[in-house]
Every structure is written in structure tokens, then in C-alpha cells.
Amino acid sequence: MLKKSKVAAVFAAIALAVSSAPASNAATDKQLEIFTWWASGGEAAGLAGMTTEFERLNPNTPFINASVAGAAGVNAKGVLVSRMQAGNPPDTFQAHAGEELSSYVKAGQVEDVSFLYKSEGWDKVFPKDLIKTLTTNGKIYSVPVNIHRSNVLWWSPAAAKKAGITKAPASLYAMIADMKKFKKAGIDGIALAGKGDWAIAHLLDYVLLASMGPDKFNGLWKGTTKWDGPEVAKAIKYFSTILSYGNSSKSLDWPDAGKLVTTGKAGFFIMGDWASSQWQSEGLKLGKDYTWAPGPGTAGVYQWLSDSFTLPKGAVNRDAGIAWLKVCGSKAGQDAFNPKKGSISARTDSDPKLYDSYLQAAMKSWKVDRLVGSTVHGVNWGNAGMAAYNSAVGRFYTGGAKDSKGFVKALLAAQKANAQA
Ligand code: GAL
């Protein structure tokens, strides 16, 4: 038997060990394999913010970063499909809130994670409408880590000054007038990133919204606005004109297109707010080297998307996956991730002081603006529809934006592909 003093010493030692041990949600598995497309720049920096928090809480669970480069998931999604088909899912993967997530739910590839919403109290800290976009038949299938805004206009104050532009354009018409001014000053009107099609489709998503307004835009995905009707025809005209002011290379990756703006070679850039974190990761300063405004014609409308993480069925390290999801949904995890990722927290209780002036403005807008989903980033259509939408836009763009009849046909086919998936 141990003497009393020895017992006390043992208890004291245990108490010390417990108090300095990581929180009780430490994963019990050997490793965590997490699958994303955040492979470089601001994207990787954001992910690193959150994985550091995971490692702090789970020091004995090595983190394996299985990211597949290619923005917007253009390469990652294909790799993910083959891994799932081969019965080899990662322990967690990135999926957008909305119809993209529903694609995985329909295919029976992800687990219901409602139990985490109960145990972590997330029902109370995530906006109800956001939770709805993660829910099928009363079950919640993922954990949102952020809210990005896609309808943002970025530009360089120095280049604008050179072209005689003093304020952000407030309509598509004014934007085109400014692009003419840029052109006169020897600067391309807009930076275009043709690599992987998605960034040009992202631009179309914004032009459709700005040209027809949120109600008609929403109707495109609900089937009440016709793809072969006058509203889309008008938007395609704007789109073709805007494309005609772009840089000549048709295959730039989005960070390279972004560089055209910050080095004064191109005027405007329509891109999600991850552009800001990319530029900050390159050492540039918000407000000095680049600035922003709501996409012309869409002030008061927040075109949103949300990255979320799932628990794949059959994950080898399921406990580690759950530990990761707990970090994803936590205040500490979100506030470590989002200021670096260039997005706002999906939680309603994050600390604005940790975020830069753009993100603080976004936090305010997210609360009061009209919310409209992004198509290219998963809200409006599932994976099949999105892929068809992106490649329809890509073909139109590389074909010189001339065949608008063929374009409408391809968009109608994308709508069909989405419905049939
Ligand atoms: C989006 C994603 C963002 C960002 C962007 C560019 O689909 O939601 O977080 O990664 O692609 O890669």
C-alpha cells in the first residue's frame, strides 16, 4: 500500500498533468488526413491557422495535409470522387454549403453530424439560415468554417489615379466606362484568370446578378428565370463587353491575374475576398496597394459562399475527424483561420478586432445585406451542374465570346445536367 503522503504526491502529479494537458476532445486516432484545395498563398496560410489550433489540442495526432492544388477545387473534386469510389476517403474534406454539400449527401458519402451541434452548442452560434443550407431531412451534414463574399471589385489606387478614376463605379455601365479609361491609359480594363474556367464563370455569376438583380438571379436556379430569356441575353452582352477589355493571356491562374492588378497592368478584378488574403500573403497592404468596393450594381447584396468540413462515411481515423470538426466550429479555430483566409467567421460571436478593415466591413454587410448564393462555389447547383456551368463559360471565353447562341444552349445543358444528377 502507498503511504498517505505518497498518495497525495501521486494525485498532485496527476492534477498537474491534467491541468497542462490539451482539452479533453483530443483525438484518439493515429493521424488526421484532411483534404482541401488550399495548397498555397493566402489559402494555405488560413488552413495553417486552423491546423495549428488542432495540433495544440491534439499533440499526439499528426496532421496530414492532403491538399490538391487548383483553386475552387477544380482538380481536388475529381481526386475526391475517385478516392471515395475506391473506398479510401480522407478523414475530413472541404465542401461548400448548399447544393454542393447535398451532392455528397445524396450519394450517401457523408455522416450526419447533428450530434456535434448539440454537444458543442452550435445551434446557437451559427446563423439559422446558414444551418439550413447544411441540412437535409432534418440532419446536418457539415461544419461551416467561414463566409466568403464573391461579388467584390478589387483595384489598385495607383493605377486608377493614372487612368483618372477617382471612385468605384456603381453600375455595370459605369464599370465599362472606367474600363475604357484604363485602356486609354495603356492598362487592361479587367484581369481575367482563364485557368480552370472557374474564375471566368465566377465573373459571369457576378454579371448575371448585377445585370438582372437578386430576384431574377435566384430564379435562374429555381427555374423561374429562363436561361434562354431576355434577362440572360442582356447579361451576356455585358459579359462579352467586359471580357473584351481583359488581358490577352487566356490561361492565367487567379493569383497571377491578381498580380496584374497590383502591378498596375490591369484595372479591375472581380474575385472573392480570398484575393485580399492572397495579396497580404505576398506582403501587400490593404488600402495602399489595393482596395475594394462591392461589385458595381450589387451594393447591398452579399453573394456568399461558405466552406465547410464533413465527416466522410468510412473514414479510417473517425475520432480524429471529429476532433477536427470541433476545432472547425470553435471560436478559437474560426478566429485563427478566418483573418488569414480573408473570410469572416461563420459564428455570430467572433472578435471583430482580430479582422482587418475589409473584413470588419464584410461582417457588417453580412448582417444587413440581401444574401444571394454563389453558383461557382457551391450554393446554387450541385457538383455536376457546376462543372457543366464552368466549362460552358470556359468554351465561350476561349472562343472569343462570340457565339452567344451556343453559349445559351450550353447553359441550358448545364441546368439539365444539374437536374439529372
Ligand atoms: C472557393 C473556396 C474558397 C477559395 C476559393 C479559391 O471555392 O470556397 O475558400 O479557396 O475557392 O480557391
Side-chain angles (χ1 to χ4, degrees), residues 34-51 65-80 92-101 103-104 130 133-134 142-152 154 191-206 252-258 269-282 302-310 328 333-334 337-346 359 362 366 373-383 385-387 389-390 393:
I34 152 170
F35 188 92
T36 70
W37 55 83
W38 297 330
S40 58
E43 317 242 74
L47 180 61
M50 202 151 53
T51 55
N65 185 347
S67 59
V68 175
V74 283
N75 303 323
K77 287 184 187 176
V79 175
L80 186 62
T92 182
F93 66 84
Q94 169 190 6
H96 288 120
E99 292 305 311
E100 179 179 321
L101 177 66
S103 305
Y104 301 112
L130 177 62
T133 67
L134 311 169
S142 70
V143 182
V145 288
N146 66 2
I147 304 294
H148 269 303
R149 185 176 189 175
S150 64
N151 59 327
V152 188
W154 305 97
L192 298 175
K195 189 172 179 188
D197 299 338
W198 72 272
I200 307 296
H202 180 120
L203 175 64
L204 175 68
D205 224 24
Y206 149 71
L252 291 187
D253 202 356
W254 76 269
D256 297 327
F269 195 30
I270 293 286
M271 186 45 66
D273 39 16
W274 47 86
S276 182
S277 74
Q278 174 63 28
W279 288 327
Q280 287 177 24
S281 81
E282 292 167 10
Y302 202 109
Q303 194 169 25
W304 71 277
L305 58 123
S306 171
D307 294 301
S308 74
F309 279 89
T310 58
C328 288
Q334 300 226 341
F337 172 70
N338 286 302
K340 291 194 180 119
K341 181 67 173 69
S343 39
I344 60 172
S345 173
L359 290 169
W366 168 245
S374 151
T375 314
V376 174
H377 308 283
V379 184
N380 301 326
W381 273 352
N383 278 326
M386 254 185 290
Y389 181 74
N390 287 355
V393 178

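Just so you know, ligand 1 is whichever comes first in the structure, and atom 1 is the first atom listed for that ligand. What you see is a predicted model; the values in this text were computed from it and never measured.
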Just say parallel, tilted or perpendicular for the rings of Phe309 and Trp38, cut-offs at 30° and 60°. perpendicular
Below 4.0 Å from ligand 1: does a non-hydrogen atom of Gly272 turn up there or not? no
Atoms in ligand 1 with a heavy atom of Lys341 nearer than 4.0 Å: 3 (C), 4 (C), 9 (O), 10 (O)
Which ligand 1 atoms are under 4.0 Å away from a heavy-atom of Ala71? 6 (C), 12 (O)
Answer whether the closest heavy-atom distance between the side chains of Thr133 and Val379 falls below 4.5 Å. no
Please indicate whether any nitrogen or oxygen in Trp37 is less than 3.5 Å from any nitrogen or oxygen in ligand 1. yes
Atoms in ligand 1 with a heavy atom of Leu305 nearer than 4.0 Å: 8 (O)
State, with a plain yes or no, whether a side-chain heavy atom of Val376 is found less than 4.5 Å away from one of Val393. no
Which residues pass the salt bridge (Lys or Arg N to Asp or Glu O under 4.0 Å) test with Glu99, not counting sequence neighbours? none
Under a 4.0 angstrom heavy-atom cut-off, which atoms of ligand 1 come close to His148? 3 (C), 9 (O)
Is there a side-chain contact between Lys77 and Met386 in this structure, where contact means two heavy atoms from C-beta onward sitting under 4.5 Å apart? yes
Protein heavy atom at shortest distance from atom 6 (C) of ligand 1: Glu43 OE2, 3.3 Å
Can you classify the ring geometry of Phe269 versus Trp279 as parallel (below 30°), tilted (30 to 60°) or perpendicular (above 60°)? tilted
How about His377 and Trp37: are their ring centroids closer than 6.0 Å? no
Nearest non-hydrogen contact with atom 2 (C) of ligand 1 belongs to which option: Val74, Val145, Asp307, Leu47? Asp307
His96: numbered ligand 1 atoms lying under 4.0 Å from its heavy atoms: 1 (C), 2 (C), 7 (O), 8 (O)
Nearest to atom 7 (O) of ligand 1, what protein heavy atom do you find, and at what distance? His377 ND1, 2.7 Å
